[in-house]
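Some notes on the structure that comes next.
Whatever order the structure lists ligands and atoms in, that order sets their numbers, starting from 1.
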Amino acid sequence: MQIETAALTGATAGTRREVTLYRYGACGAGRKVYLQAGLHADEMPGVLVLQHLMALLDEAEKRGQILGEVLVVPAANPIGLSQWAYQRPLGRHEADSMRNFNRGYPELANLVGDRLEGVLTGSETENLHLIRTAFRASLAEICIRDDRAEQMAALMNWSCDADYVLDLHCDQVAVLYLYASHARPQDRDLLGRSIGARLTLIEDVSGGHPFDEAHTVPWAALRARYGDRFPIPAGCFSATLEYRGQLDVADDLAGADAGNLMTFLAAIGVVAGWDGVAAHPQALERPLAGTARIFAPQGGVVTWALPVGAEVQAGQVLGHVTDPVSRRRVAVVSPVAGLLFRREMWRSCLRGQSLAHVAGEKPVRSGDLLSD
Ligand SMILES: [Zn+2]
């Protein structure tokens, strides 16, 4: 295993940070998998999972069982890790701009521009390498204005040519679920059955340019542009893994989750000698546009009648919001039938705030589908 760092210049005098990468396996040997956690720097479940995963990878490496390349960034957002206010981690948003740390990633196909004209061939394998070379070259030319952009570029430099990109996050209170695109459904199914995801939310372009889509959208865009002339593969399988809720941070849970990730790595041929099998039930697959938001009907105290993971009917009462002054108690109902897969952690709310999501079968939303 080798440790690499990418220095962030520093936003102001006397400050300096770096992002750290653990690289297992030999460069260019077999398939390349990139994993990171903590891009939202207040989300510790995935960070702990990668700690346990690296212990397993250390052992596999000692036994010579790393067949491909596994890159692990255990704390993807050192800027966010240091940003606290009012005795709480800000984590999800940059303190200065209030921009979400998982938005605004570069569109590699746009950055590549015309540089693949006259370069692509009739070989899909050759094109895979040519496109990745173009990705790396175009990333090297992007304008870095601040630490945030430098951090994004550091992560993308490590991940842009990977066969698999897994970005570990968590929700507030949630089941284990993931986001993925329509590309490479067999990998999506295998990942879900390996990690025990209850739900997979599928969308190709959800808006906001999150990290996972920065690795799938360009391949689809290049296929749209060149696909009638040249074979363009879906060169990367990418997913955002939501490891339950903010408070689901425990070594036994994370240890089991790390073992399940090893099962996935073994199933795609990146590690050997691991005997776990992808035996979890297939995750429920739902369109991201089918996730209905449940809004607070008034400000007050939030109480829940059902746990996350409950299958609910349209019109079913999920909980209540009580105005403590008027003593008015208003039911919160689901607008659709589906899986109550997530809710907010706070027990107080403002009128109109989003309180929970139910994953239904049919699209009910359009436009920007991600919560900021
Ligand atoms: Zn997150």
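- Under the ring-ring contact (aromatic ring centres under 6.0 Å, His included) criterion, H357 pairs with no residue, sequence neighbours left out.
- Under the 3.5 Å distance criterion, the side-chain polar atoms of N127 are left unmatched by any main-chain donor or acceptor of P233.
- With a cut-off of 2.8 Å, the protein N/O/S atoms near the Zn ion (ligand 1) add up to 4.
- Every pair passing side chain to side chain donor-acceptor pair (under 3.5 Å) that includes a residue from residues 193-203 is listed here, sequence neighbours excluded: D189-R193.
- Between the side chain of Q172 and the backbone N or O of M345 there is at least one donor-acceptor pair closer than 3.5 Å.
- Remark: the backbone N or O of A239 is not paired with any side-chain donor or acceptor of D212 at under 3.5 angstrom.
- For R88, the salt bridge (Lys or Arg N to Asp or Glu O under 4.0 Å) test picks out no residue, with sequence neighbours left out.
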